[in-house]
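Since the structure comes first, as structure tokens, the remarks are kept for the end.
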Amino acid sequence: MKKLVYLVLVLLAFTSCKNESKLPVEHVQQQKEKQEFSIIIHGGAGTILKENMSAEKEAAYKTTLEEAIRVGYNILKNGGSSLDAVQKTINVMEDSPLFNAGKGAVFTNAGTNEHDASIMDGKTLNAGASAGTTIVKNPINLARTVMDQSPHVMLSGNGANTFAKEQGLQIVDPDYFYTERRHKSLEKIKETEKLELDHDDKTALFYDADIKNSKFGTVGCAALDKNGNLAAGTSTGGMTNKRWGRVGDSPIIGAGTYANNNTCAVSSTGWGEYFIRAMVAYDISALMEYKNVSLQEAAKEVIQNKLTNLGGTGGIVAVDKYGTMVAEFNTAGMYRATMNAKGELSIGIYKD
Ligand code: ASP
């Protein structure tokens with residue numbers, strides 16, 4: 001009798017153990033459909049509504065998103081690293097005036113452009129970032145150089161500008177970053193701010209109203225290469241009318257960018273202050289690492305529950321070690337594109 005009870009107990013323990021370590025359904029499917037490599041990008045999230053978009057503008061965004069992702073896709077297809085794919089893909093979007101990164105960066109309160117960027121290698125957990133640079137044409141290249149050529153993870157302001165010069169990165173006159181569209185946004189936001197300050201609470205957050213109704217436009221990329229290495233990167237001009245050397249989430253490892261070969265690679269876009277407080281990119285990875293949930297579940301939990309409950313808006317793009325790609329956002333839209341190992345391309349702007 002004793003023996004029988006013992007046997008039942010052992011059997012029970014064995015079944016519950018098995019259940020605990022059982023992978024969620026999504027994970028099993030991901031393993032079955034493992035992609036040899038894959039790449040996903042975003043060009044910012046926000047109030048992007050079809051009724052406010054002209055056919056030409058929509059076509060222009062789609063063309064540049066496709067051009068950018070194809071650059072990374074070809075690198076991956078030819079056996080290149082996910083880090084190179086992420087960097088070169090982001091370069092295309094940085095060189096376009098359409099996105100709030102590089103050429104198309106938004107203006108600060110002082111009428112300047114200050115760029116933030118970061119990149120992370122999921123294989124080594126090495127990372128590089130730069131904040132508040134003003135003369136570096138492609139800030140993601142600076143982030144990569146900080147990672148590869150310096151003993152540090154993040155450089156900022158004048159020091160970062162100097163390091164970029166010393167490393168021979170492409171330097172431009174600050175005027176290079178002038179675009180009429182972004183300058184108009186600054187003027188508009190300053191007018192609103194003035195009206196609000198004249199009549200209302202002078203201590204109110206000066207850019208709240210506009211943030212809630214604006215597109216953010218940061219760019220980012222996450223990729224898995226043929227060697228199973230994950231990488232992610234993000235580049236931005238930050239938020240219109242920012243001041244006091246404000247730095248958002250984009251150059252913060254764990255908030256704007258994160259990559260770990262054991263879990264996933266993530267790039268964020270949205271209202272940076274909230275992404276920093278929620279540690280969005282790392283939180284998704286941590287859920288996968290410690291709770292063994294799928295990328296889809298982790299991304300949904302962090303964006304739709306944690307970030308949303310805090311009051312933050314925006315989204316992420318991510319890829320896991322199986323090559324599964326996820327775009328999750330709580331805004332009306334997010335410029336995004338994916339390509340898998342078969343070369344299948346998908347581009348999205350609005351909520352489907
Ligand atoms: N997250 C960026 C920032 O707060 C803005 C954006 O995503 O467009 O600086």
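Numbering of ligands and ligand atoms starts at 1, following listing order. Note: hydrogens, waters and symmetry copies are ignored here, and every other heavy atom, side chains too, is used.
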- In a check of side chain to side chain contact (heavy atoms under 4.5 Å, CB included) between M288 and each of D320, N260, N262, which one passes? D320

- Numbered in order shown, the ligand 1 atoms found under 4.0 Å of a heavy atom of S250 are 1 (N), 2 (C)

- Note on the structure: Here the atoms of ligand 1 under 4.0 Å from any heavy atom belonging to G238 are 5 (C), 9 (O)

- Message: Distance check, rounded to the nearest 0.5 Å: S96 atom OG versus N91 atom CG?
- Response: 12.5 Å

- Note on the structure: One should read off an interatomic distance between N161 CG and H115 NE2, to the nearest 0.5 angstrom, of 9.5 Å

With only distance considered, is [X] within less than 3.5 Å of ligand 1 through an N or O on each side?
X	answer
W271	no
D249	yes
T269	yes

- Task: Could you pull out, from P251, G270, G248, the option with a heavy atom nearest to atom 2 (C) of ligand 1?
- Result: G270

- Query: Between the side chains of T338 and S346, is a donor N or O closer than 3.5 angstrom to an acceptor N or O?
  - Reply: yes

- Taking atom types as modelled and ignoring hydrogens, do the side chains of T234 and S250 form a donor-acceptor contact shorter than 3.5 angstrom? no

- Any G217 heavy atom less than 4.0 Å from ligand 1: yes

- Task: Please collect all ring-ring contact (aromatic ring centres under 6.0 Å, His included) contacts where either partner lies in residues 63-96, sequence neighbours excluded, each pair once.
- Result: F37-Y73

- Under 4.0 Å, heavy atoms only, figure out whether ligand 1 is touched by the backbone of R246, its side chain, both or neither. side chain

- Message: Heavy-atom distances under 4.0 Å decide this one: backbone, side chain, both or neither, for A45 against ligand 1?
- Response: neither

- Message: I'd like to check the salt bridge (Lys or Arg N to Asp or Glu O under 4.0 Å) partners of E58; sequence neighbours left out, ordered by chain and number.
- Response: K50, K62

